[in-house]
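Just the heavy atoms: all of them, side chains too, but no hydrogens, waters or symmetry mates, feed the values below. Just so it is clear, the structure is predicted and the values come from calculations on it, not from any experiment. Reminder, nothing fancy here: chain letters follow the sequence lines and each chain counts from 1.
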Number of protein chains: 2
Amino acid sequence: MTNLLLTGIGELVTNDPEREGLLGVVTDAAVAVKGGRIAWVGPETELLREFRELPELDGAGRAVLPGFVDSHTHLVFGGNRADEFARRVRGESYQEIMAAGGGIMSTVASTRATDSDTLLDEAVRRAQRMLGMGTTTVEVKSGYGLEVETELRMLEVANSIAEYVPIDVVTTFLGAHVVPAEYEDDRDAYLRLIVEEMLPAAGGMATFCDVFCDDGAFAVDEARVILAAAAEQGLAARLHANQLGHSGGASLAAELGAITADHLDHLTDADIAGLLAAGTVAVLFPTVSFSLRLDPPPARRLWDAGVPVAIATDCNPGTSYVENMQFVIAAATLTTGLTPEESVWAATRGGARALQFDDRGWIKPGTVADLVMLEADSYLEIPYRPGTDLVRMVIKGGEAVVS
Amino acid sequence: MTNLLLTGIGELVTNDPEREGLLGVVTDAAVAVKGGRIAWVGPETELLREFRELPELDGAGRAVLPGFVDSHTHLVFGGNRADEFARRVRGESYQEIMAAGGGIMSTVASTRATDSDTLLDEAVRRAQRMLGMGTTTVEVKSGYGLEVETELRMLEVANSIAEYVPIDVVTTFLGAHVVPAEYEDDRDAYLRLIVEEMLPAAGGMATFCDVFCDDGAFAVDEARVILAAAAEQGLAARLHANQLGHSGGASLAAELGAITADHLDHLTDADIAGLLAAGTVAVLFPTVSFSLRLDPPPARRLWDAGVPVAIATDCNPGTSYVENMQFVIAAATLTTGLTPEESVWAATRGGARALQFDDRGWIKPGTVADLVMLEADSYLEIPYRPGTDLVRMVIKGGEAVVS
């Protein structure tokens, strides 16, 4: 593991609650890294002599942030739905698009038909681009297999990405994404398949189990059964909740104390109170609403209520083929009413909270030395300059992996 | 000048009206370049033997488009207004921001105080990033000097950019951006300064004269006087029009047969009819409305009426610090109701029309060989994948300048 002394940091975002302000910014800062972890953080004038001997890198006044944590993606998939995107923005209805072979089932068909090497190759390229734009930890879900073999294959591919790209991958089993066509007339049989065959195998391959609990996907009672079975396999609960309607997913998340509830476009005050009481992290997608031309997610309401908020790409081939967390921060600031500070926190510490990491998303002694250096002197430039990749250097575990 | 044979193009956007569809797409295409200009375009199977001897580059099935033409920017400026951006998105009023030293006058003060070498260095870096993201021709305005020396210095700097970056720069004199504080009580004296001192010098240094004709800037009668004097110096007319209100700028553009009318957020049907009759190009900014959280520009109405539409970044430190035409295309598709095809046309041929170029923005024999190759097989991927820079290679005048 690498040792490093980063000096000349004009503005350091630490997210350390013991420092001032939401972002715990330190100006004219230095960071010492030993064995891939943060050993010391503070104003450079206070740097201890012992760290002066580490290999030094001069930030030349630039801003440094914790690496972005993209806490919700569907990064492994086969095929491409650019044509469907074009039909959608030209105004075709979802029914027409489905009739033309589009929608999630087209990705299921492509993913099933794509061999693992190809799936991995494409996922690695996506992860490499994400890393280059500052993401150092990424969550990846299954859910385009909807059959035992392809669901497990997707988890296997996701778990292999980090062998080829210096990015940390956290995997989530999402066999309960939708009910596949072949089980349309026997939903219970598909539930049994998930509980009896998929979950026992997925247990050792993933950290989380997610269920798409919404109109047209899985009902609250179905999700409850699946997440209970997942818990027995050691998988912590997440929920795609209240994206399409007020479908009960958010209250189930509160009931179960789920780690995250994701999307949350339709929320009552009671839902918010429930999430707050349960300590559930709200994972929101400002670029999904941008891509779908819908109202932005209720980030302001959730934040003001005290619910921890993460923002993520939801990178997927249907509703948001976005890989860039800088763009997510800009969209959060410009569409949801979060401030630049809140947006940056939600993309770093918020994402880490969503993935249950206590040692990343902030910069203080003991945390993983995942750092992003901007070609700019402040984090403010991220939402101020949307569309320009401001990342100059990415440091993963103390090592410069993109520069 | 360079000769080149580009083969293996999966999808070539020509914008040639003699080919099918708005974008005149040719699949499995080849392009031959001689002396920096297009010599031949067509399906590769029809390639003439004489071009087979040119140095060949294999597109490997990728998409190729004309280089983007960014037809409206304020690329030369001093200072930075990230702090003002933060105040704005936190909800402070324009009055509060002005009182805190923000607004356009802060950029005027910084630009006046910045020496030409520094202005040029920063402008070159912006232009280099733009080129890297596919822009091969960029318009640059003065307008942050508002005094003879700095206005001319800005044009000089703009005219020097192309010595350092392989991008074509078209310059516009915008001394009539706002009335500077020192002339607040004597607007006529500032008008005289423009007409009698700035314009005679700017005549040899710029292609266009632009006036910000809107509430709080210049009145219709003032703009008419300035543009008449500009015409005597050989400068063609453009107008910042109807951005802040229904201020008469669009009808003045129609009356004068201005080359472009830019912004146009407030338009009546009569304004649109006037622009159509005058042959004026409407230059619109989907990322400005995104950055300012305002309604998108009326691109759909203008396009449907038959007015030629260009989209551009309006790159400036106050309302839209955007350098990326791919992002402008995505925002046009996702916020204004233009289709992906219309958005791509507006960013290429539309931009060239706005700058009166007959030899760029389309790919046909005789045009300048400014080409963008994507790391993707279709132009559709640009709005489908917002936030990811899809440019793999930029070819300027037949030469690969970014790869």
Side-chain angles (χ1 to χ4, degrees), chain A residues 63 80-91 125-126 129-130 132-133 287 289-293 296 313 315 317-318 320-343 375-390, chain B residues 63 80-91 125-126 129-130 132-133 287 289-293 296 313 315 317-318 320-343 375-390:
Chain A
N80 178 296
R81 283 156 65 189
D83 285 343
E84 174 184 330
F85 168 85
R87 285 198 296 271
R88 175 159 58 77
V89 295
R90 284 184 203 112
R125 284 193 285 150
R126 288 176 200 123
R129 286 192 294 267
M130 287 176 161
M133 296 187 282
T287 56
S289 43
F290 178 72
S291 285
L292 294 180
R293 301 184 287 182
T313 60
C315 181
S320 172
Y321 197 160
V322 167
E323 299 166 326
N324 183 351
M325 286 292 285
Q326 299 168 68
F327 179 46
V328 174
I329 291 170
T333 298
L334 292 168
T335 72
T336 74
L338 291 186
T339 64
E341 291 71 36
E342 290 162 347
S343 302
E375 187 59 271
D377 61 9
S378 172
Y379 65 85
L380 281 176
E381 302 255 327
I382 297 174
Y384 175 50
R385 297 169 60 184
T388 293
D389 177 11
L390 293 175
Chain B
N80 177 296
R81 282 156 65 189
D83 285 342
E84 174 184 330
F85 169 84
R87 284 198 297 271
R88 174 159 59 78
V89 295
R90 284 185 203 113
R125 284 193 286 152
R126 288 176 201 123
R129 287 192 294 266
M130 287 177 162
M133 296 187 281
T287 56
S289 43
F290 178 71
S291 285
L292 294 180
R293 301 184 287 182
T313 59
C315 181
S320 171
Y321 197 160
V322 167
E323 299 166 328
N324 182 350
M325 286 292 286
Q326 298 168 68
F327 179 46
V328 174
I329 290 169
T333 299
L334 292 168
T335 71
T336 73
L338 290 187
T339 65
E341 292 69 37
E342 291 162 347
S343 301
E375 188 59 271
D377 61 8
S378 172
Y379 65 85
L380 280 176
E381 303 255 328
I382 298 174
Y384 176 50
R385 297 169 62 184
T388 294
D389 178 10
L390 292 173

* **All side-chain contact (heavy atoms from CB on, under 4.5 Å) counterparts of B:Asp389, not counting sequence neighbours** =>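 In terms of side-chain contact (heavy atoms from CB on, under 4.5 Å), with neighbours along the sequence ignored, B:Asp389 is linked to B:Met133, B:Gln326, B:Val391.
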
Gap between atom [atom2] of [Y] and atom [atom1] of [X] - 0.5 Å precision:
X        : Y        : atom1 : atom2 : answer
A:Phe327 : B:Phe327 : CZ    : CZ    : 5.0 Å
A:Thr388 : B:Glu323 : OG1   : CD    : 3.5 Å
B:Asn80  : A:Ser378 : CG    : OG    : 8.5 Å

* Asked: Between A:Thr335, A:Thr333, A:Asp377, which shows the greatest number of heavy-atom pairs under 4.5 Å with chain B?
  ->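 Maximum pair count with chain B is reached by A:Thr333.
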
* Tell me, out of A:Leu334, A:Leu292, A:Asp83, who's got the most heavy-atom pairs with chain B below 4.5 Å. =>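 Top option by heavy-atom pairs under 4.5 Å: A:Leu334.
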
* To do: Quick one: which of B:Pro317, B:Gly132, B:Ser320 has the most heavy-atom pairs under 4.5 Å with chain A, could you say?
  =>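 So the answer, after comparing B:Pro317, B:Gly132, B:Ser320, is B:Pro317.
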
* Return the option, out of B:Val322, B:Leu338, B:Val328, with the maximum number of heavy-atom pairs under 4.5 Å with chain A. =>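 Going by pairs under 4.5 Å, I would pick B:Val322.
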
* Asked: Using non-hydrogen atoms only, which part of B:Arg88 is less than 4.5 Å away from chain A: side chain, backbone, both, or neither?
  ->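 Neither part, no heavy atoms under 4.5 Å.
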
* Heavy-atom distance under 4.5 Å to chain A: side chain of B:Glu84, backbone, both or neither? ->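 Neither; nothing under 4.5 Å.
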
* Asked: How would you list, in number order, the residues of residues 379-386 of chain B that have a heavy atom less than 4.5 Å from chain A?
  ->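 The stretch touches chain A at B:Leu380, B:Glu381, B:Pro383, B:Tyr384, B:Arg385, B:Pro386.
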
* Begin from the C-alpha positions of B:Thr339 and A:Val89 and carry the test side-chain contact (heavy atoms from CB on, under 4.5 Å) through to its verdict. => CA-CA 7 Å; B:Thr339 65; A:Val89 295; 6.0 Å; no

* Do NZ/NE/NH1/NH2 and the carboxylate oxygens of B:Arg90 and A:Glu342 come within less than 4.0 Å? ->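 Result for this pair is no, no salt bridge flagged.
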
* Asked: So which heavy atom on B:Phe85 is nearest to which on A:Pro340, and how close?
  ->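 Looking at all heavy atoms of both residues, the shortest contact is CE2-CG, 4.4 Å.
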
